[in-house]
Chemist: 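I have a structure I would like to understand better, so I am pasting it below and will then ask my questions one at a time.
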Amino acid sequence: ERVMKQMAQALQTSGLQKKGYVYINLSEGWPSRHRAPNGSLIANPTNFPNGIKPLADWMHNNGFKFGIYLDAGTKTCAGFPGSLGHEKEDVATVASWGVDYVWLDGCNLDKAEMPAKYELWGKLFNECGRDIIWEVSWPAYVVGHVNYYLAASVGHEFRYYRDIRPNWDIIMDIVNATVKLDMEKYTRPGSWPLPDMMEVGNPPLTAAENRAHFSLWAILASPLHAGNDVRNMTKDTVEILGNTEVIAIDQDPLGKMGVRTYTHDQQSVWSKELADGSRAVLLLNAGATAKVEICASLENVGLNPYEITVVRDLWQHKNVANVTQKYCAEVGPHDVAMLHLWQ
C-alpha cells in the first residue's frame, strides 16, 4: 500500500500524471496465500492492512485509476490463488473494490481451455456493472496458434508474444514478431495488441535504446504501460516517457498500428497513418556499431511524393525540413528518428 501511494505521488511530482499516466496497476503477489472462508480473494494483511478498496478509493481521490492482477488458472505464476472456478465471484469482488483495470494472466490454465475461459471473463466483465478495462493474456501462451480476432474481441488489449526484458535484442524480437504475426490486422480502437509493458528507464538500456523503445511502442499504437520504478527516474527517463508529441502519435484517434514499409540489413522505415491524413514516420537503426543514413520515400509511407511535405522531428521538437520525394536522416546505433510528416 505504501509503495503504491509512493508510485502515484511520483507520477504527480514528475508531471507524468498530467501527460496521461493515470493507471496505477498492482501486479502479482498482492493477495493472501489462501482465500477467505467464504471463498473470496483477500489482500495480504501485512502489505495491505486496510484492504484493497480503501487503496482504490485513495487512487480515485488523487486523480488516478486503479488496476489489479488476476490469473485465470488454478494458481498465479508465483503460486497465489488463481480464479479458475471463482470467475464470477472474483469479477464481483474487484468491481466492488472499484477496480478500473485487470491484467488477467494465464498461468496454470489448460491451453485448450483458454479461448472459452477468456470469453467467459469477457461476458462477466461486461455484466459486472462497472467499466473495467482488461488485458487478455492467453495469446502469449500459444503464440501463432490463436484466433486473434477472438482475442481482440473479448478484451480491451491482448498480449501476443514473449515477456519483455530490458534487453535490446528481446525488444527487437518482439517488434519483429509484431510484423510476422500481422498484428496490424487486429488493431482497432478499443482493442489493442500489447507487445508488453515498457522497459524505458531500466538498466542496462541506454538513452538511445530507451528513446527507440518508446518510439517503437508509439508507432505500434501500443498501450503505454511504464514498467520502471517511477520513484527513481533520471531526467532523461521522465523526458522520454513524457514526450507529448510522441504520446500523441501513440494515442491518435484513428487507432491504426504503424507498418514497416522498408527494411534492409538492420535499418527500417515505419509509417503510421494518423486521423488528419498525415503520417508518423520512424527511421530505425537496429544495428549496434555505426551511424547510418536512412531515407523514407514519401510514396512508400503513404504521401504524395510531388507535394511539399513538412518534416517535424519529435525528439528535437522542431520542424527540420520541407521536402518532396524523400526525407533522409542520419540515425545512430540502436536509435531512431521519430518524425511527423504532413502536406
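Note that the structure is a prediction, hence the values are computed from the model and not measured.
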Chemist: Could you grab the distance from atom CG of Leu26 to atom CH2 of Trp103, nearest 0.5 Å is fine?
Modeler: 10.5 Å
Chemist: Name each donor-acceptor pair under 3.5 Å that joins a side chain in residues 120-129 to protein atoms two or more places apart or in another chain, with its distance.
Modeler:
residue : atom : partner : partner atom : Å
Lys123  : NZ   : Glu127  : OE1          : 3.4
Lys123  : NZ   : Glu127  : OE2          : 3.0
Asn126  : ND2  : Gly122  : O            : 3.2

Chemist: Are Glu245 and Arg312 ion-paired here, with the side-chain N under 4.0 Å from a carboxylate O?
Modeler: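 Salt bridge between Glu245 and Arg312, a charged N being under 4.0 Å from a carboxylate O: yes.
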Chemist: With rounding to the nearest 0.5 Å, note down the distance linking CD1 in Ile294 to OG in Ser268.
Modeler: 7.0 Å
Chemist: Between Glu199 and Glu209, is there a side-chain heavy-atom distance shorter than 4.5 Å?
Modeler: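 When only atoms from C-beta onward are counted, Glu199 and Glu209 do not touch, as no gap falls below 4.5 Å.
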Chemist: When the ring planes of Trp30 and Trp97 are compared, do they come out parallel, tilted or perpendicular, using 30° and 60° as the limits?
Modeler: perpendicular
Chemist: Would you kindly say whether His340 and Ser278 are connected by a side-chain donor-acceptor distance under 3.5 Å?
Modeler: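 Yes, a side-chain donor-acceptor pair sits under 3.5 Å.
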Chemist: Give a yes or no on whether a salt bridge exists between Arg35 and Asp90, defined as a side-chain N under 4.0 angstrom from a carboxylate O.
Modeler: yes
Chemist: Could you tell me whether Asp313 and Lys318 make a salt bridge, using a distance below 4.0 angstrom between a side-chain N and a carboxylate O?
Modeler: no
Chemist: Looking only at heavy atoms, what is the nearest atom pair of Leu11 and Tyr21, with distance?
Modeler: CD1-O, 3.8 Å
Chemist: Can you tell me if Tyr160 and Thr178 form a side-chain donor-acceptor pair at under 3.5 Å?
Modeler: yes
Chemist: Would you mind reporting whether Ile247 and Lys19 have side-chain heavy atoms less than 4.5 Å apart?
Modeler: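 They are in contact (side-chain heavy atoms under 4.5 Å apart), so the answer is yes.
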Chemist: Evaluate the ring planes of Phe158 and Tyr186, with Trp represented by its six-membered ring, and classify them as parallel (under 30°), tilted (30 to 60°) or perpendicular (over 60°).
Modeler: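 Phe158 vs Tyr186 ring planes: perpendicular.
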Chemist: Between Arg130 and Asp100, is there a salt bridge with N-O shorter than 4.0 Å?
Modeler: yes
Chemist: Would you tell me whether Thr237 and Thr234 have side-chain atoms, one donor and one acceptor, within less than 3.5 Å of each other?
Modeler: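 A pair is found: one side chain offers a donor N or O, the other an acceptor, under 3.5 Å apart.
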Chemist: Which is it for Tyr23 and Phe64 under the ring pair (Phe, Tyr, Trp, His ring centres under 6.0 Å) test, yes or no, and what are the steps along the way?
Modeler: CA-CA 6 Å; Tyr23 283 85; Phe64 290 99; 9.8 Å; no
Chemist: Does the side chain of Trp192 reach to within under 4.5 Å of the side chain of Thr187, using non-hydrogen atoms?
Modeler: yes
Chemist: Go through the side-chain N and O atoms of Asp229 and Asn232 and say whether any donor and acceptor fall under 3.5 Å apart.
Modeler: yes
Chemist: Among side-chain atoms of Glu135 and His156, is any donor-acceptor pair under 3.5 angstrom?
Modeler: no
Chemist: Kindly check if the number of other-residue, nucleotide or ligand heavy atoms within 6.0 Å of CZ (Arg2) is above 12?
Modeler: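 No, the 6.0 Å shell around CZ holds no more than 12 heavy atoms from other groups.
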Chemist: So, Glu89 versus His86: side-chain donor-acceptor pair below 3.5 Å or not?
Modeler: yes
Chemist: Can you list the residues that meet the side-chain hydrogen bond (donor to acceptor under 3.5 Å, both in side chains) rule with His213, with sequence neighbours excluded?
Modeler: none
Chemist: Looking only at the side chains, is there a donor atom on one of Glu1 and Asn50 sitting less than 3.5 Å from an acceptor on the other?
Modeler: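 Distance-only check passes for Glu1 and Asn50.
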Chemist: Is there side-chain contact between Asp105 and Tyr141, with heavy atoms separated by less than 4.5 Å?
Modeler: yes
Chemist: Indicate yes or no: does Arg159 engage Asp163 in a salt bridge with an N to O separation below 4.0 Å.
Modeler: yes
Chemist: Asn285 and Gln266: side-chain hydrogen bond (donor to acceptor under 3.5 Å, both in side chains), yes or no, with the steps?
Modeler: CA-CA 6 Å; Asn285 177 9; Gln266 298 201 67; over 6 Å; no
Chemist: Are a donor atom and an acceptor atom from the side chains of Tyr161 and Asp173 found within less than 3.5 Å of each other?
Modeler: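 Looking only at side-chain atoms, Asp173 and Tyr161 do form a donor-acceptor pair, the distance falling under 3.5 Å.
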Chemist: Salt bridge or not between Asp57 and Lys53? Use side-chain N to carboxylate O under 4.0 Å.
Modeler: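 So Asp57 pairs with Lys53 through a salt bridge.
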Chemist: Side-chain donor-acceptor pair under 3.5 Å between Tyr101 and Glu157, yes or no?
Modeler: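 Side-chain D/A pair, Tyr101 to Glu157: present.
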